[in-house]
Peer 1: 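This is the structure I have questions about; it appears just below.
Basis for what follows: all heavy atoms, side chains included, without hydrogens, waters or symmetry-related copies. For reference, positions follow the sequence shown, starting with 1. On a predicted model such as this, the values are computed, not experimentally measured, just so you know.
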Amino acid sequence: MEKQFKVFVYKEGEPPVFHDGPCKSIYSMEGNFIYKLDVDTKFQTKDPQKAHVFYLPFSVAKMVRFVYSRDSRDFSPIRRTVVDYINLVAQKYPYWNRSHGADHFMLACHDWGPEASFSLPYLEKNSIRALCNANTSERFNPVKDVSIPEINLITDKLTGLMGGPSASRRQILAFFAGGVHGPIRPVLLEHWEDKDEDIKVHKYLPRGVNYYDMMRNSKYCICPSGYEVASPRIVEALYNGCVPVLISKSYVAPFSDVLRWKSFSVTVSVDDIPKLKEILMNISTRQYIRMQRRVLQVRRHFEFNSPPKRYDVFHMILHSVWLRRLNVRITDDHGVVAN
């Protein structure tokens, strides 16, 4: 990929909705990816004839802020913005029409990323959609779409976000603290909030208790879905050397093409939440230590770096797009064939 892969970034569109995005929030992957790809010289080509894929540089998070009227509950302005932009590049260039969008990709970390992609049939059905909200029940297709991690960057640096003691020095079995929304978290709190000394589950952290210190002193970090399937806790757990416990429905974990999630995380069904302690206690110390070491090995694939470094999250996203582009062959008669 590093030797061959080339991306053409459409230059049309003005910030803040295009070529811009949030870089210090729960949607930070949108803004950081847009910026890095705009300035990257390694993967970007200015010659569309040499491009393997074409990037549609719009930010759904910025659309929600600047196009959508919060009180209206009317999603049509966002749909029109997406439609108008793709119509613009389709009229100016031959590439969208040539492949019916199959060699184009979008990236969105906002919950409404899938909804924005439904604006055009070809964008949803043909194009590569890199989404934090990788929910198969909302038509996420792992064969052609890319699951990307949700990373909540407070600043543009990872300073203070990574660390933690060795596996043998972690005294807490499992930890969760967070807002109660969606169907899964209320079940978790009902069964485990203030119920067991080994399972630290909180709606609100006790006064004086540091969230990251709790993660760094826990063997397992519980990562339940909220209203949507993605959760920044997964990456926070990896950053702090804590084995993630994934509790969700219809979620496709990031970079599953190349990462064996079962080797460094635990998946618990919603129905098994009452058995959470039993499930974790049945994991042997030896097996836990292996998983924790793998957490330390794989977390570099979720690290944000400026400038990007080999194998980090920027490269992993591009690699996932590259893999899906390899599945598509554009024929001479402007047809699209799955390889």
Side-chain angles (χ1 to χ4, degrees), residues 4-22 29-68 75-110 112-131 144-146 148 314 317-318 320-322 324-338:
Q4 300 181 27
F5 193 39
K6 292 300 177 185
V7 181
F8 181 79
V9 181
Y10 287 114
K11 303 304 179 186
E12 288 69 25
E14 297 294 332
V17 171
F18 304 94
H19 300 281
D20 192 14
M29 281 314 306
E30 278 193 28
N32 283 302
F33 187 86
I34 290 172
Y35 174 74
K36 299 304 178 190
L37 202 53
D38 259 341
V39 302
D40 178 80
T41 58
K42 182 174 183 179
F43 293 104
Q44 186 185 152
T45 177
K46 298 184 182 301
D47 181 358
Q49 298 291 346
K50 296 179 179 179
H52 298 98
V53 294
F54 298 80
Y55 177 47
L56 302 161
F58 57 76
S59 167
V60 176
K62 289 287 188 174
M63 287 185 195
V64 173
R65 180 177 176 187
F66 291 101
V67 176
Y68 173 75
F75 200 82
S76 60
I78 293 177
R79 291 194 187 95
R80 284 197 301 270
T81 302
V82 175
V83 171
D84 289 347
Y85 186 74
I86 292 180
N87 284 340
L88 172 66
V89 298
Q91 291 168 8
K92 186 172 181 179
Y93 305 91
Y95 309 107
W96 175 271
N97 294 325
R98 178 188 67 180
S99 68
H100 301 300
D103 55 357
H104 287 59
F105 78 99
M106 59 166 282
L107 182 142
C109 220
H110 195 279
W112 291 354
E115 187 69 32
S117 74
F118 301 156
S119 303
L120 286 97
Y122 285 144
L123 182 58
E124 179 211 341
K125 294 180 180 179
N126 287 5
S127 299
I128 301 166
R129 301 177 303 157
L131 303 172
K144 74 165 192 68
D145 296 328
V146 174
I148 63 174
F314 177 76
I317 291 172
L318 284 179
S320 295
V321 173
W322 163 248
R324 280 147 185 81
R325 176 61 180 86
L326 293 176
N327 291 333
V328 175
R329 178 161 53 90
I330 311 299
T331 64
D332 293 336
D333 61 353
H334 292 187
V336 179
V337 179

Peer 1: Are Arg325 and Asn327 close enough that some pair of their side-chain heavy atoms sits under 4.5 Å apart?
Peer 2: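 Sidechains of Asn327 and Arg325: no contact.
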Peer 1: Could you measure the distance from the CG atom of Leu37 to the OH atom of Tyr55? Nearest 0.5 Å is fine.
Peer 2: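 Nearest 0.5 Å value for the CG-OH distance: 6.5 Å.
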Peer 1: Please report the shortest heavy-atom distance between His19 and Asp38, naming the atom on each side.
Peer 2: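 Shortest heavy-atom separation between His19 and Asp38 comes out as ND1-OD2, 3.0 Å.
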Peer 1: Does Arg79 use its side chain to pair, donor to acceptor, with the backbone of Val82 at less than 3.5 Å?
Peer 2: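 No; zero donor-acceptor contacts below 3.5 Å.
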Peer 1: Report the C-alpha distance between Val321 and Val53 in whole Å, list the side-chain angles of each, state the deciding distance to 0.1 Å, and finish with yes or no for side-chain contact (heavy atoms from CB on, under 4.5 Å).
Peer 2: CA-CA 8 Å; Val321 173; Val53 294; 4.2 Å; yes
Peer 1: Which atoms form the tightest heavy-atom contact between Ala116 and Leu123, and what is the distance?
Peer 2: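 Between these two residues, the closest heavy atoms are O-CD2, 4.2 Å.
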Peer 1: Between Asn126 and His100, does any side-chain donor sit less than 3.5 Å from a side-chain acceptor?
Peer 2: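 Distance-only check fails for Asn126 and His100.
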Peer 1: Do the side-chain N and O atoms of Tyr10 and His104 include a donor-acceptor pair separated by under 3.5 angstrom?
Peer 2: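 A pair is found: one side chain offers a donor N or O, the other an acceptor, under 3.5 Å apart.
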Peer 1: Return the CD1 to NZ distance between Ile317 and Lys36, rounded to the nearest 0.5 Å.
Peer 2: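 Separation between the atoms: 12.5 Å.
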Peer 1: Looking only at non-hydrogen atoms, find the nearest pair between Ser59 and Pro22 and report the distance.
Peer 2: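 Scanning both residues completely, I find the closest heavy atoms to be OG-CD, 3.8 Å.
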Peer 1: Nearest 0.5 Å, what's the CG-CZ distance between Asp40 and Phe33?
Peer 2: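 With rounding to 0.5 Å, CG (Asp40) is 9.0 Å from CZ (Phe33).
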Peer 1: Below 4.5 Å, heavy atoms only, C-beta onward: do Tyr85 and Leu56 meet side chain to side chain?
Peer 2: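 In short, these two side chains touch, coming nearer than 4.5 Å.
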Peer 1: For the atom pair OG (Ser117) and CG (Leu131), what is the distance rounded to the nearest 0.5 Å?
Peer 2: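 It is 6.5 Å, given to the nearest 0.5 Å.
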Peer 1: Are Ile78 and Trp112 packed together at the side-chain level, in the sense that at least one heavy-atom pair is separated by less than 4.5 angstrom?
Peer 2: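 Heavy-atom side-chain distance check passes, below 4.5 Å.
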Peer 1: Taking the inter-plane angle between the rings of Phe8 and Tyr93 on a 0 to 90° scale, is it parallel (under 30°), tilted (30 to 60°) or perpendicular (over 60°)?
Peer 2: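 Phe8 vs Tyr93 ring planes: perpendicular.
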Peer 1: Tell me yes or no: between the side chains of Glu30 and Tyr35, is some donor less than 3.5 Å from an acceptor?
Peer 2: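 No donor-acceptor contact under 3.5 Å links the two side chains.
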Peer 1: On a heavy-atom basis, which atom in Asp20 and which in Ile34 lie closest, and how many Å separate them?
Peer 2: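 What the structure gives for the nearest pair is O-CD1, 3.1 Å.
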Peer 1: Please check if atom NZ in Lys46 has more than 12 non-hydrogen atoms from other residues, nucleotides or ligands closer than 6.0 Å.
Peer 2: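 Incorrect, the count does not exceed 12.
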Peer 1: Would you check, one step at a time, whether the test side-chain contact (heavy atoms from CB on, under 4.5 Å) holds for Trp96 with Phe54?
Peer 2: CA-CA 9 Å; Trp96 175 271; Phe54 298 80; over 6 Å; no
Peer 1: Let's go through His110 and Lys62 carefully: what are the C-alpha distance in whole Å and the side-chain angles of both, what is the deciding distance for side-chain contact (heavy atoms from CB on, under 4.5 Å) to 0.1 Å, and is it a yes or a no?
Peer 2: CA-CA 9 Å; His110 195 279; Lys62 289 287 188 174; over 6 Å; no
Peer 1: Could you check whether any side-chain N or O of Ser127 sits under 3.5 Å from a backbone N or O of Arg129, counting only pairs where one atom can act as donor and the other as acceptor?
Peer 2: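 Checked: no pair found.
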Peer 1: Does the pair Glu12/Lys92 count as a salt bridge with the N-to-O cut at 4.0 Å?
Peer 2: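 A salt bridge links Glu12 with Lys92.
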Peer 1: Apply side-chain contact (heavy atoms from CB on, under 4.5 Å) to residues Trp322 and Gln4 and explain how you reach the verdict.
Peer 2: CA-CA 10 Å; Trp322 163 248; Gln4 300 181 27; 4.1 Å; yes
Peer 1: Looking at Ser119, is its backbone amide N or carbonyl O close enough to the side chain of Glu124 to form a donor-acceptor pair, meaning the two atoms are under 3.5 Å apart?
Peer 2: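 A pair under 3.5 Å: no.
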Peer 1: Provide the closest heavy-atom pair for Ile128 versus Arg324 in the form atom of the first, atom of the second, distance.
Peer 2: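 Minimum heavy-atom contact is CD1-CB, 4.1 Å.
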Peer 1: Would you call Asp103-Arg98 a salt bridge at under 4.0 Å N-O?
Peer 2: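 Looking at Arg98 together with Asp103, the answer is yes, because their closest N to O distance falls below 4.0 Å.
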Peer 1: Take atom OH in Tyr122; do more than 12 heavy atoms of anything else shown fall under 6.0 Å from it?
Peer 2: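 Check fails, neighbour count at 12 or below.
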Peer 1: Measure the CG-SG distance between Asn32 and Cys109 for me, rounded to the nearest 0.5 Å.
Peer 2: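 Rounded to the nearest 0.5 Å, the CG-SG separation comes out at 10.5 Å.
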Peer 1: Of all the heavy-atom pairs spanning Leu318 and Phe5, show the shortest one and how long it is.
Peer 2: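 Heavy atoms of Leu318 and Phe5 come nearest at O-CE2, 3.6 Å.
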Peer 1: Within the 4.5 Å heavy-atom criterion, are Val9 and Val7 side-chain neighbours or not?
Peer 2: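 A side-chain contact under 4.5 Å exists here.
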Peer 1: Looking at Lys6 and Lys42, would you say the former's side chain and the latter's main chain have a donor-acceptor pair under 3.5 Å?
Peer 2: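 It does hold such a pair.
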